[in-house]
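Each chain gets a letter, A, B and so on, in the order the sequences are listed, and its residues count up from 1.
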Amino acid sequence: MPDKFYLTTPIYYVNARPHIGTTYTTVVADAIARRKRSLGIETFFLTGTDEHGQKIERSAEKAGCTPQEFTDRVSAEFRGLWDRMGLTYDDFIRTTEPRHKQAVQKLFALLRDQGYIYKGSYTGQYCVSDEAYVDVPPGAPCPECGRPTETVNEENYYFKLSAFERKLLEFYQEHPEFIEPETRRNEVISFVKSGLRDLSVSRTSFNWGIPVPGDETHVIYVWMDALANYITALGWGSQDPSRYDRFWPADLHIVGKEITRFHCIYWPAFLMAAGLPLPKKVVGHGWLLFEDNKMSKSRGNIVRAETILDTFGAMKPDLPKAEQDRFGADVLRYFLLREVVFGQDGSFSFDALVQRYNSDLANGYGNLVSRTLAMIGRYFGGVVPENSNVPSLVSLTKLAENFTNRAIPLYSERFDDLRFSLALETAWEMVGQLDGIITASAPWKLAAKDDADSRAELAAILYAAAEAIRIITALVYPVIPESAAKVWAQLGQGHITQANLKDLKWGGLKPGTKLGESTPLFPRAEKEAITRMNEMEQKNNPAPAAASEPGNEGKAAHVSKLRSLLDGLAVAASESTNETAAILALESAVAETVREFVSGSEKRAPANPVPVKANPPATVGPATGTPVMPAAPSTGTVAAPAAAPALPEGKISIDDFAKVELRVAQIKVAERVPKADKLLRLEVDLGDETRQILAGIAEAYAPESLIGRKVVIVANLAPRKLRGLESNGMIVAASVAGGRPVLAGFLEDVEVGARLK
RNA sequence: GGCGGCGUAGCUCAGAUGGUUAGAGCGUGGGAUUCAUAACCCCAAGGUCGGCAGUUCGAUCCUGCCCGCCGCCA
């Protein structure tokens, strides 16, 4: 076994605040780091923040501060949260630090000296949000995020990525373990096989970055800047590279699945070009979904770790704040590692969190510790009893010993294989077994007798229970460090961080050990904790529509909900195969929403998918000033809508109708949307403006037949992205038998832009 | 559209180079118990292992097609 381990999280882009997605990545890394350390392996765990780029420059401008002030603030939030949670990173690198900047310049110069960087020029579209060039015609939105692109004409430095195509493929071939999970590996390989183009690695359109050495009109491409952190933090290119010499290459880069490409293609290529060793493994984990929906600011369903720390921390009011936080962190850590299959997308909900907590931590492990220590306290004065081999009980104690000794290697193998949920399942099997053994041997009955045999049996069974708990605790320490440390101390084992758990095996618990003070570990969580956490997030995630119309929140929420339902109708019509059912369902949802609005009650709206990335370069939030789509609140209730006059069931008022802005528009451009069978991209003239609308009518109308045709559109529908393209409105059509759309039109000629009233 | 992945109990997931009654946890129903955090223990209900066809003595597992979901395609 190697005696060092270097692992990293991505450095988080400071354009978004820390949320549960970034917390997840960091928690996984922390658990691995703790396990490695407890095995006596010299471990270096790096995290940090990524702080350059045009997006930051503009966000700072919007916030009315300098980029440095802006990044100082957000970076501190990340670090503050990690500290609150007691995460044990060994270094926190910021890309704005001098140590990083000078090393990145050195790397750039090295690549240039090696002949892998040359000057070229580029004219085309640039997406500020993604910090990337995109291959679309001028004026078209970014295919990745749907935001507007900018036309740029830049003379840039290029990295000869194309020179590494074959070398990379050979590397993947020789190191099949380099990328996990396998599905990510397949993607990367097919990407490289389809041909690599040289990569533009400098920008002149903004200043907030690291200047290219010798040509300060350019700043270095943010991804080259960011990726280099993994070596600059170790002191590569500095006066003192000893740490680099010790720890590089990295043993594990943990990243979100959306950035595997950068870590599995660009990063190895840069390193190859620089003549440096390649990291041993990159694992691209999945996203955390909230109740099966992607989290996004526009959806208003971003969950923050703080909510969990606060809520669970409050369950232990007697503890100092820092310990409360770390207790809350344990709860979250356990959930994330147990519930989510590492590598796959996982579903987060407060309901599931409380459920897991109560059944596994409170009723399972916590109760097991409690009942065992209570009995040792009561029957043996809090001293670990003698492990006597009592014939009548040998089968039970042997059972405990055997399954424990089997579980240790199994847990370790699974954990080290990054299959955390399975590892924890193994540990909790031990908890279940032990509960069964305790019940079967009924120590409380033995204690009621006073013969020597019963006393010996009692001692044997309680020793076995305590010893099994010691081993379980050692195993799960990396996952629930705060709680495990408490149990460790209660078992009279001292500080768990001092323990070397490499040779963990049955029999390590010394009879006669005086137990420490026993405190409740995991008080049961009440159902109302779920409501509380949902409400806390609600407050932190105001629905954008409501926020934009202060004082009229309820109404705004309803309007926004109706809009998203109408969007849903458009999508159903364009994409669903079972359109009739989908449309009927949505229609009744619309009708219900209108009724609710009228009657002043509120229920949950069905959710609509909005693609948003979770990690850097995340596009969570309207950071570039792009309007975000209003979304219905996903959970709980919102403020009661403004009083509305009573109306007959199923009817709307004239005011309600007046909210829908129907206009005559003329189709100027119509073309099929690639990859969508039913979708057409239309550009329509509204008299005073032209806008893009996506309509699910490709199966009924040939694009060329539509040019010049006058149609009715809903002009004030919230923008919505379909297949990466933004749709600003909806074409009105009748849905006839079989779901076929028939466009609404006029028998007489009408003026473009005219409103329908 | 191209390439890749997935579809197993209400939920989250295991699993088998193809071979007798397909598993676990949670949830649900019943029972038992009192050491323990209304907890723990036992029992039960619940699955044509996405659909159809093929290969085979035998397929949930292999092959093909289909349906659904998802990822990557700078």
Side-chain angles (χ1 to χ4, degrees), chain A residues 124 127 130 132-136 142-144 161-162 181-200 223 257-258 260-262 264-266 284 286-287 289 292 294 315 335 338-341 343-349 351-352 354-379 414 419 421-422 424-426 428-429 431-448 458 461-462 465 518-526 576-578 609 611 672-677:
Chain A
C127 175
D130 292 344
Y133 295 106
V134 291
D135 194 9
V136 295
C142 172
E144 193 69 28
L161 184 61
S162 56
E182 201 178 338
T183 171
R184 300 269 102 72
R185 181 167 180 265
N186 293 340
E187 284 169 12
V188 167
I189 289 174
S190 80
F191 185 93
V192 176
K193 274 189 179 158
S194 72
L196 293 176
R197 270 192 245 151
D198 288 350
L199 186 68
S200 158
W223 270 105
K257 65 181 181 181
E258 74 285 358
T260 43
R261 196 177 77 218
F262 299 96
C264 298
I265 299 173
Y266 300 171
W287 288 346
L289 309 176
D292 297 326
K294 285 179 184 171
M315 285 164 45
F335 179 86
R338 174 61 186 86
E339 187 87 3
V340 180
V341 178
Q344 297 179 25
D345 287 353
S347 184
F348 182 90
S349 74
D351 199 62
V354 168
Q355 177 68 50
R356 257 301 162 204
Y357 170 80
N358 276 338
S359 66
D360 291 7
L361 293 177
N363 299 349
Y365 178 65
N367 180 58
L368 173 65
V369 171
S370 169
R371 69 196 303 206
T372 303
L373 297 189
M375 284 190 281
I376 293 178
R378 183 175 311 176
Y379 307 140
R414 289 175 159 182
R419 311 216 293 173
S421 58
L422 284 181
L424 290 170
E425 206 173 290
T426 305
W428 260 258
E429 255 169 52
V431 171
Q433 289 264 20
L434 213 51
D435 267 329
I437 287 171
I438 290 175
T439 304
S441 57
W444 51 93
K445 284 186 183 161
L446 296 171
L458 181 61
I461 207 73
L462 290 181
S518 168
T519 54
L521 272 182
F522 301 106
R524 282 180 63 81
E526 304 301 327
S576 172
T577 46
N578 188 4
R672 301 193 70 100
V673 173
K675 301 185 257 189
D677 296 340

* **Contacts of type side chain to side chain donor-acceptor pair (under 3.5 Å), residue A:Arg185, not counting sequence neighbours** =>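 A:Arg185: no side chain to side chain donor-acceptor pair (under 3.5 Å) contacts found.
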Taking atom [atom1] in both [N] and [M], what distance in whole Å separates the two?
N: B:G23; M: B:A9; atom1: C1'; value: 10 Å
N: B:G18; M: B:C62; atom1: C1'; value: 8 Å
N: B:C40; M: B:U28; atom1: P; value: 12 Å
N: B:C66; M: B:C26; atom1: C1'; value: 34 Å
N: B:C67; M: B:G50; atom1: C1'; value: 8 Å
N: B:C65; M: B:G1; atom1: P; value: 15 Å
N: B:C70; M: B:G29; atom1: P; value: 34 Å
N: B:G58; M: B:A53; atom1: P; value: 15 Å

Interatomic distance, [X] [atom1] vs [N] [atom2] [rounded to whole Å]:
X: A:Ile189; N: B:G5; atom1: CD1; atom2: P; value: 12 Å
X: A:Gln344; N: B:U8; atom1: CD; atom2: P; value: 12 Å
X: A:Gln433; N: B:A24; atom1: CD; atom2: C1'; value: 12 Å
X: A:Trp287; N: B:G71; atom1: CH2; atom2: C1'; value: 9 Å
X: A:Tyr357; N: B:C26; atom1: OH; atom2: C1'; value: 17 Å
X: A:Leu446; N: B:C35; atom1: CG; atom2: P; value: 12 Å
X: A:Glu182; N: B:C72; atom1: CD; atom2: C1'; value: 15 Å
X: A:Lys193; N: B:G2; atom1: NZ; atom2: C1'; value: 14 Å

Counting C-beta onward and ignoring hydrogens, is there a side-chain heavy-atom pair between [X] and [Y] closer than 4.5 Å?
X: A:Tyr365; Y: A:Trp428; answer: yes
X: A:Leu368; Y: A:Ile438; answer: yes
X: A:Arg371; Y: A:Thr439; answer: yes

* Asked: With sequence neighbours excluded, what pairs up with A:Glu425 under the salt bridge (charged side-chain N to carboxylate O under 4.0 Å, His left out) test?
  ->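 So A:Glu425 forms a salt bridge (charged side-chain N to carboxylate O under 4.0 Å, His left out) with A:Arg338.
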* Closer to the 5' end of RNA chain B via nearest nucleotide, is it A:Asn363 or A:Arg419? ->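 Final value for this comparison: A:Arg419.
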* **A:Glu339 vs A:Asp360, nearer the 5' end of RNA chain B by closest nucleotide** =>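 Checking each residue's closest nucleotide, the 5'-ward one belongs to A:Glu339.
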* To do: Before giving the answer on side-chain contact (heavy atoms from CB on, under 4.5 Å), spell out for A:Ile265 and A:Val188 the whole-Å C-alpha distance, their side-chain angles and the decisive distance to 0.1 Å.
  => CA-CA 7 Å; A:Ile265 299 173; A:Val188 167; 3.7 Å; yes
* **Nucleotide-level pairing of RNA chain B, given in dot-bracket where Watson-Crick and G-U pairs need both distances under 3.5 Å and | marks other strands** => (((((((..((((.....[...)))).((((.........)))).....(((((..]....)))))))))))).
* Asked: Is there a donor-acceptor contact under 3.5 Å from the side chain of A:Asp345 to the main chain of A:Gly286?
  ->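 No; zero donor-acceptor contacts below 3.5 Å.
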* Mind checking A:Leu196 for me? I need base, sugar-phosphate or nothing, with any heavy atom below 4.0 Å counting as a touch. =>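 Contact class for A:Leu196: base.
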* When we call it a touch if two heavy atoms are under 4.0 Å apart, what does A:Leu373 touch: a base, just sugar-phosphate, or nothing? ->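 Counting heavy atoms under 4.0 Å across all strands, no contact is made by A:Leu373.
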* Asked: Between A:Gln355 and B:G27, is there a side-chain N or O to OP1/OP2 distance below 4.0 Å?
  ->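 Yes, within the criterion.
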